[in-house]
There are 2 protein chains.
Amino acid sequence: MDTTDKLIAAAERLFDRYGFVATGMDRLTAAAGMSSRTLYKHAGSKTQLMERVLSERDRRFMARLRVRSVDALFAALDDWIRIEGTRGCLFLRAAAETGGDAPEIAEAVRAHKTAFQDQVARIVAADLGREDPDLAEQVLVLFEGAAHAAVYRGADAVRAARKAASTLTERARS
Amino acid sequence: MDTTDKLIAAAERLFDRYGFVATGMDRLTAAAGMSSRTLYKHAGSKTQLMERVLSERDRRFMARLRVRSVDALFAALDDWIRIEGTRGCLFLRAAAETGGDAPEIAEAVRAHKTAFQDQVARIVAADLGREDPDLAEQVLVLFEGAAHAAVYRGADAVRAARKAASTLTERARS
DNA sequence: CATGATGTAAAACGATCGTTTTACATTTCA
DNA sequence: TGAAATGTAAAACGATCGTTTTACATCATG
C-alpha cells in the first residue's frame with residue numbers, strides 16, 4: 001500500500017466520520033502518518049483530495065453492486081453497512097457540505113448518482129427479464145431510503161427495504 | 001417578525017444552502033441584517049443557533065405530517081419539497097457534519113427522528129385501522145428515500161415512493 | 001560517488017474562524 | 001427626564017484554516 005493509497009484511505013475514514021469541512025489538514029496528516037508537504041505533493045489540495053476520495057469510494061461501492069437480482073442488491077447494501085457502517089451517502093453529504101460551489105465535487109456526485117441509477121435499472125431489467133423504469137425508480141428510492149434510515153434505525157431499515165423491494169418486484173413479474 | 005425569528009429564519013436558509021460548518025458568522029450576520037453583538041445576544045453561540053434552527057425546522061416539518069393516511073404523507077412530502085426544496089434531511093446532515101461531537105445536536109437529531117418514526121407509525125395505524133410495525137418501517141424507508149433521491153431525481157422520486165407505499169399499504173389491508 | 005526522487009519536521013504565510021469588546025445611537029417607559 | 005434596554009459599526013481576540021517554505025534525511029540508481 002503506497003503513500004497515496006494510505007492517504008486516500010485515511011481521508012475517506014476521517015471525511016466520513018467527522019465531515020469534509022470539519023476535517024482539517026492537521027488531522028489528515030496525523031491519520032495518514034505523513035508530513036503536510038508529502039500530503040500536498042500527492043493530493044494537490046483539499047478539494048482534489050475530496051475528489052480522489054469520492055472516486056475511490058465510487059469504485060469500491062459500485063464493485064459491490066455487480067449483482068443480477070433486486071434481492072442481491074439489498075443483500076449487498078446489508079454487507080456494505082455491516083462492514084463500513086453508514087452515516088448517510090457520502091456523495092450527497094459532500095454535495096451538501098460544499099453547497100454546489102466546488103464544481104468538481106458537484107460533477108463527481110452527479111457522475112456517481114448517474115452510474116448508480118443506471119446500475120439499479122440494469123439489475124431490475126436482469127431480474128424481470130425486461131426493462132421497468134417505474135420499478136427501477138421505486139427500487140432506487142428504497143435503496144437510498146435504507147442507506148439513510150439505517151443511520152438511526154440500523155439493519156432493520158435494510159431488512160424492511162429488502163422485503164418491500166421483493167414485494168414490488170414480485171408484483172411487477174406477474 | 002422579531003429579531004430572533006429573523007435570525008433563525010436566515011440561519012436555517014444558509015445552513016441548508018451552504019452547510020453548517022461552511023457557513024460562517026459573517027455570512028449569518030449579513031443575511032440576518034444584524035451586528036454580531038446582537039446575534040450573540042440572541043443565539044448564544046453557533047452550536048446553540050444550530051439547535052434553535054433544528055428545533056424550528058422540527059416544528060415546521062412535523063406540523064406538515066399531521067395527516068391520517070399514507071398517501072397524504074407522501075403528498076405532504078411533495079408539498080414540502082415543492083416549497084422548500086431538498087438537499088437531504090437537515091437533521092442527518094447536522095449529525096454528519098458534527099460527527100457525533102456536540103451532544104446537543106446529536107440529541108436534537110435523535111429526538112426528531114424518534115418523533116418522525118412515531119408519527120409514521122401513527123399514520124400507518126390510522127390508515128389500516130390497526131398497528132403494523134413492518135409496514136410502518138417500510139413507509140419510513142420510502143419517505144427517507146424519497147427525500148434523499150429527490151436531491152438528484154426531483155419530484156419523480158416522491159411519485160415513485162408514493163406509488164410504492166400505496167401498493168404496499170393496499171397489500172397490507174387485505 | 002553523486003544525483004535525483006521521496007520523505008520528515010517544523011516554522012511561517014495570509015485568511016478566516018467563532019467570539020468578545022469598545023464606543024456610540026436610538027427607543028422605551030417609570 | 002433620565003436610566004435601562006436594545007440596537008449598530010467596527011476593531012480586536014486567540015485559534016485554526018488551507019497552503020507553502022525552509023532545512024535536512026534517506027535511499028535507489030546512473
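Quick note on labels: first sequence line is chain A, next is B, and so on, each numbered from 1.
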Between B:H42 and D:dG7, does any side-chain N or O lie under 4.0 Å from OP1 or OP2?
yes

In whole angstroms, the gap separating P of C:dG18 from CZ of B:R27 amounts to 11 Å

Write down the atom of A:M50, the atom of A:F20, and the distance for their closest heavy-atom approach.
CE-CD2, 3.5 Å

Given D:dG7, C:dG18, D:dG18, identify the nucleotide with an atom nearest to the side chain of B:T38.
D:dG7

Is A:R37 side chain donor-acceptor paired with the D:dT19 base, going by distance under 3.5 Å alone?
no

Rounded to whole Å, NZ of B:K46 lies from P of C:dT19 at a distance of 8 Å

Is it the case that the side chains of A:T169 and A:S166 hold a donor-acceptor pair, with the cut-off being a distance below 3.5 Å and no angle test?
no

How many whole angstroms separate atom NZ of B:K6 from atom C1' of D:dG7?
11 Å

May I have the distance from A:L28 (atom CG) to D:dG18 (atom P), rounded to whole angstrom?
8 Å

Which of these nucleotides, D:dT8, D:dG18, C:dT8, is closest to any side-chain atom of A:S35?
C:dT8

If the cut-off is 4.0 Å, is B:S36 near the phosphate of C:dT19, judged by side-chain N/O to OP1 or OP2?
no

Check whether the side chain of A:S45 and the base of D:dT19 form a donor-acceptor pair under 3.5 Å.
no

Just the rounded figure in Å: distance from C1' of D:dA25 to CE of A:M34.
17 Å

Going only through I, L, V, M, F, W and Y residues with side-chain contacts under 4.5 Å, is there a path from A:V141 to A:I81?
yes

What is the distance from CG of A:D26 to C1' of C:dC17, rounded to the nearest Å?
14 Å

Between B:F143 and B:F61, what is the ring plane arrangement, given parallel below 30°, perpendicular above 60°, and tilted in between?
perpendicular

Check whether A:T86 reaches the backbone of A:A147 with its side chain - one donor and one acceptor, N or O, closer than 3.5 Å.
yes

Classify B:G44 by what it touches in the nucleic acid, base, sugar-phosphate, or nothing, heavy-atom distance under 4.0 Å.
nothing

Find the distance B:M50:CE to C:dG18:P and express it as a whole number of Å.
11 Å

Does B:T3 put a side-chain nitrogen or oxygen below 4.0 Å from OP1 or OP2 of D:dT6?
no

Base, sugar-phosphate alone, or nothing: which one does B:T23 contact when heavy atoms must sit under 4.0 Å apart?
sugar-phosphate

Whole-Å distance between C:dC17 P and B:Y18 OH?
13 Å

Relative to the 5' end of DNA chain C, which residue comes earlier, B:M25 or A:K41, by the nucleotide with the nearest heavy atom?
A:K41

